[in-house]
Amino acid sequence: MKTDVLIVGSGLAGLIAGLGLDSSLDVLMICNDKKEKSDSSLAQGGISTLLHKFDYESYLQDTLKAGRFENDIEVVKTMIDNSNDLILDLIKYGVEFDFDYTREGGHSAKRILHHQDVTGKEITTKLLIELEQRKNITLFEQTAMLDLIIVDNVCLGAIILKDGIITPVYAGQVILATGGIGGLFKQSTNYTHIKGDSFAIAIKNNIELDHLDYIQIHPTLLYSKDKGRNFLISESIRGEGAVIVDKDGNQFVDSLLPRDIVTKAIKDKMVEQNTDHVYLDVSNIPYEKMIEHFPNIYQTCLERGIDPYKDRIPIMPGQHYLMGGIKASVKGQTSIRNLYAIGETAGTGVHGKNRLASNSLLESGVFAKLCAKHINENKQDPREIGVDLSPYENISEYQEANRKTVLDYLKNKNKEFYNEWLL
Ligand SMILES: Cc1cc2nc3c(=O)[nH]c(=O)nc-3n(C[C@H](O)[C@H](O)[C@H](O)COP(=O)(O)OP(=O)(O)OC[C@H]3O[C@@H](n4cnc5c(N)ncnc54)[C@H](O)[C@@H]3O)c2cc1C
């Protein structure tokens, strides 16, 4: 197969990049599950935006403070400067927002746009409809990238697995938009098929990384020890008044502090009270507000036998987000020519050591758009070379080795932490 641009991933980053590419470019998008099954589609709380120019400094400072001031300030500014353009694009693509700006942990103002508590689903559904109209874009579902084809520091394409067949795809440019790493963790809000494949490939090919070990643990997953993805109880519910309490119903932490601080307070409390969860008390939120703003969370609790107004919601911390990733510029450029990384896969320095709530959808969209613009201005023709496919013959062994590559890398960085959280 041959294409001008190969996009790996159908989340917000992949979709915005695809929609931003010139219609003259032949684009192939692949995803390793159904196209709707991206972490972007699960986003509940919303997407941050610059509400007003008077909020600029405050938004900047909130992002830096959450990131422990390890953020790249120029990258943060680029994200904020381009936020309203992205929102206008989303509205143009048919996304409907509720326009009653909300607030989440670490934000000092209400600046988050949302669609009830299913913002990601609303956005990705509308973008996928738009994508279907584009004649230059072909989408293959259930198709996995196994490896990249890199020669002399230039990316020439990828090896993919489609319908049981392993084949090279030669591409002028390749965009990695494969999301994060949650599938490697015991408890995570992420889909299990989003498991850091790009990072295994990057480690093996010496592609420069940026803080792959900066991983966010979210304080409020719905308590469950079942295997598979954990349901998230969005932080925005705390923005509207819910508070975290211990087993006796006592509040022990300011529920709106950044995620890492709240997580630590919960872990300390669990040790002190010898339990594996704490609770969320939503009694401060009027019932009508709950139904209108958080129908998904409310309904999911009821389905799990929890009535949020009679019982408190049991919660526990778990993996949620990767701040680091493949080192990339705001245009997605990596250390390999013609290889781009965007969205959660990219480590741009925008989040520093800890991501501010609702900055991820924004980051994914803004930098994906800049990446598409850069590619439009720097088109490359695909080039075919011979590729040895024998390393991929035993596919499960190959994929297990990739998984182990990332696990070992992380455990080497911080054994104690990763022994606790990784699978
Ligand atoms: C439950 C939940 C709630 C969230 N809420 C919010 C929120 O309210 N606001 C906010 O800003 N952020 C939120 N986030 C984070 C945000 O949704 C994601 O970080 C962001 O959308 C990442 O987008 P992405 O396009 O980079 O990757 P994703 O949306 O994760 O998409 C990754 C894509 O890559 C594909 N893929 C992966 N590996 C391969 C492979 N080897 N071959 C082929 N395809 C592959 C996947 O199938 C998928 O299509 C939330 C995340 C979760 C999990």
Side-chain angles (χ1 to χ4, degrees), residues 6-18 29-49 79 102 104 112-115 117-124 127-128 139-148 158-162 169 175-183 188-201 216 218 220-222 229-237 239 296-297 300 318-323 325 332 341-346 351 355-368 399 402-403:
L6 171 67
I7 302 178
V8 190
S10 64
L12 178 70
L15 292 171
I16 290 286
M29 179 181 284
I30 62 168
C31 56
N32 62 346
D33 205 296
K34 295 201 177 108
K35 58 183 187 292
E36 301 84 8
K37 280 191 151 190
S38 64
D39 280 350
S40 301
S41 72
L42 299 173
Q44 298 178 346
I47 178 164
S48 294
T49 186
M79 178 183 76
T102 188
E104 293 188 58
I112 298 167
L113 275 171
H114 68 102
H115 179 102
D117 57 351
V118 286
T119 310
K121 188 166 179 224
E122 167 69 12
I123 294 176
T124 50
L127 296 185
L128 281 165
L139 172 64
F140 290 163
E141 297 180 278
Q142 312 284 10
T143 302
M145 169 188 63
L146 299 179
D147 209 348
L148 289 167
I159 311 293
I160 67 165
L161 173 66
K162 178 174 165 34
V169 176
I175 303 177
L176 298 176
T178 53
I181 204 164
S188 173
T189 59
N190 294 188
Y191 275 121
T192 52
H193 63 276
I194 298 179
K195 54 186 188 324
D197 296 342
S198 289
F199 309 122
I201 296 168
Q216 185 171 75
H218 195 292
T220 59
L221 276 53
L222 183 59
R229 195 174 80 74
N230 288 79
F231 184 76
L232 176 76
I233 307 286
S234 168
E235 197 158 9
S236 56
I237 204 164
N296 180 32
I297 293 176
T300 304
Q319 195 277 347
H320 182 58
Y321 185 76
L322 169 67
M323 272 75 63
I342 52 174
E344 202 170 330
T345 305
H351 303 301
R355 169 173 72 93
L356 182 68
S358 286
N359 265 354
S360 167
L361 290 175
L362 180 63
E363 174 232 329
S364 296
V366 165
F367 300 150
Q399 285 179 321
N402 271 359
R403 199 175 79 95

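Because only heavy atoms are used, hydrogens play no part in the values below, and waters and symmetry mates are left out as well, while side chains stay in. Throughout, residue positions are numbered sequentially from 1 according to the sequence presented. Counting starts at 1 for both ligands and their atoms, in listed order.
Using a 4.0 Å cut-off to heavy atoms of G9, the atoms of ligand 1 that qualify are 33 (C), 34 (O), 35 (C), 49 (O). Which parts of ligand 1 touch Q44 is read off a 4.0 Å heavy-atom cut-off, strictly below it: atoms 5 (N), 8 (O). Taking a cut-off of under 4.0 Å to the non-hydrogen atoms of G45, the atoms of ligand 1 that pass are 8 (O). The A144 neighbourhood of ligand 1 comprises atoms 42 (N), 43 (C), with distances under 4.0 Å to a heavy atom of that residue. Within the listing of ligand 1, atoms 47 (O) sit less than 4.0 angstrom from a heavy atom of H193. Within the listing of ligand 1, atoms 1 (C), 2 (C), 3 (C) sit less than 4.0 angstrom from a heavy atom of L232. Each of the atoms 53 (C) of ligand 1 lies under 4.0 Å from some heavy atom of N190. For ligand 1, the atoms closer than 4.0 angstrom to any heavy atom of G343 are 26 (O).
The side-chain heavy atoms of I112 and E235, taken from C-beta on, include no pair separated by under 4.5 Å. Residues I160 and I30 have side chains in contact (heavy-atom distance under 4.5 Å, counting atoms from C-beta outward). Using a 4.5 Å heavy-atom threshold, the side chains of I16 and S364 count as separate. In this structure, the side chains of Q142 and D33 come closer than 4.5 Å at one or more pairs of heavy atoms. For the pair H320 and R355, the minimum side-chain heavy-atom distance is below 4.5 Å.
For atom 11 (O) of ligand 1, the closest non-hydrogen atom of the protein is L361 N, 2.8 Å. Closest to atom 25 (O) of ligand 1, if we only count protein heavy atoms, is A13 N, 3.0 Å. Nearest protein heavy-atom contact of atom 51 (C) of ligand 1 is H320 CE1, 3.5 Å. Residue, atom and distance of the protein heavy atom nearest to atom 37 (C) of ligand 1 are T178 O, 3.4 Å. Nearest non-hydrogen protein atom to atom 41 (N) of ligand 1 is D197 OD2, 2.6 Å. Here the protein heavy atom with the shortest distance to atom 48 (C) of ligand 1 is S10 N, 3.9 Å. Of the protein's non-hydrogen atoms, the one nearest atom 38 (N) of ligand 1 is N32 ND2, 3.5 Å. For atom 27 (O) of ligand 1, the closest non-hydrogen atom of the protein is G179 CA, 3.3 Å.
Across F199 and E344, no two heavy atoms sit closer than the pair CZ-O, 4.5 Å. Heavy atoms only, all atoms of each residue included: E141 and E36 are closest at OE2-OE1, 4.2 Å.
Of the heavy atoms in A177, only backbone atoms (N, CA, C, O) come closer than 4.0 Å to ligand 1. Contacts between L42 and ligand 1 below 4.0 angstrom, taking non-hydrogen atoms only, involve backbone and side chain alike. The proximity of D39 to ligand 1, defined as any non-hydrogen pair under 4.0 Å, involves the side chain as well as the backbone. Contact annotation for R355 and ligand 1: only side-chain heavy atoms (C-beta onward) come within less than 4.0 Å of the ligand. No part of L15 comes within 4.0 Å of ligand 1, judged by heavy-atom distances. With a heavy-atom cut-off of 4.0 Å, Y321 touches ligand 1 through its side chain alone. Contacts with ligand 1 closer than 4.0 Å are made by side-chain heavy atoms of I194 only, the backbone lying farther away.
For a threshold of 3.5 Å applied to N or O pairs, the pair formed by T345 and ligand 1 contains no separation below that value. In terms of polar-atom proximity, I342 is not counted as a contact of ligand 1, lacking any N or O under 3.5 Å from an N or O of the ligand. Inclusion of I47 in the set of residues having an N or O under 3.5 Å from an N or O of ligand 1 is not warranted. At least one N or O atom of L12, backbone or side chain, sits closer than 3.5 Å to an N or O atom of ligand 1. Backbone and side-chain nitrogen or oxygen atoms of S40 are examined, and one is located within less than 3.5 angstrom of a nitrogen or oxygen of ligand 1. Taking distance alone, with nitrogen or oxygen atoms compared against 3.5 Å, M145 approaches ligand 1 more closely than that limit. Between C31 and ligand 1, not a single N/O pair is under 3.5 Å apart. Considering backbone and side-chain N/O of E344, one or more are found under 3.5 Å from N/O of ligand 1.
Between the R229 side chain and the N190 main chain, no donor and acceptor come within less than 3.5 Å of each other. The main-chain N or O of T124 is never found under 3.5 Å from a side-chain atom of S41 such that the two would form a donor-acceptor pair. Of the possible polar contacts, none joining the S236 side chain to the G45 backbone as a donor-acceptor pair under 3.5 Å is found. When atom types are taken as modelled, the side chain of S40 and the backbone of G11 share no donor-acceptor pair closer than 3.5 angstrom. In terms of modelled atom types and a separation under 3.5 Å, the side chain of N359 and the main chain of H351 share no donor-acceptor contact. Of the possible donor and acceptor atoms, one in the side chain of D39 sits under 3.5 Å from a partner among the backbone N and O of Y191.
Between L176 and the options L148, I342, L6, a side chain to side chain contact (heavy atoms under 4.5 Å, CB included) holds for only L148.
The closest approach between any non-hydrogen atom of L146 and ligand 1 is not below 4.0 Å. At a 4.0 Å cut-off, at least one heavy atom of V8 sits close enough to ligand 1 to count as contact.
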Criterion side chain to side chain contact (heavy atoms under 4.5 Å, CB included) on N230 and Q319, from CA distance to verdict: CA-CA 9 Å; N230 288 79; Q319 195 277 347; over 6 Å; no
Trace of the side chain to side chain contact (heavy atoms under 4.5 Å, CB included) decision for L12 with L127: CA-CA 8 Å; L12 178 70; L127 296 185; 3.5 Å; yes
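Residue nearest to atom 31 (O) of ligand 1, selected from G11, S198, S364, G14: G11 (by heavy-atom distance). Looking at S360, A357, G365, S358, it is S360 that brings a heavy atom closest to atom 18 (C) of ligand 1. When the heavy atoms of S38, A43, G46 are ranked by distance to atom 9 (N) of ligand 1, first place goes to G46.
Here N296 pairs with Q44, D117, V118, F231, T300 under the side-chain contact (heavy atoms from CB on, under 4.5 Å) rule; sequence neighbours left out.
For T119 and H114, the side-chain atoms include no donor-acceptor pair closer than 3.5 Å. Of the N and O atoms on the side chains of T345 and T178, at least one donor lies less than 3.5 Å from an acceptor on the other residue.
For NZ of K121, the number of neighbouring non-hydrogen atoms (other residues, nucleotides, ligands) closer than 6.0 Å is 12 at most.
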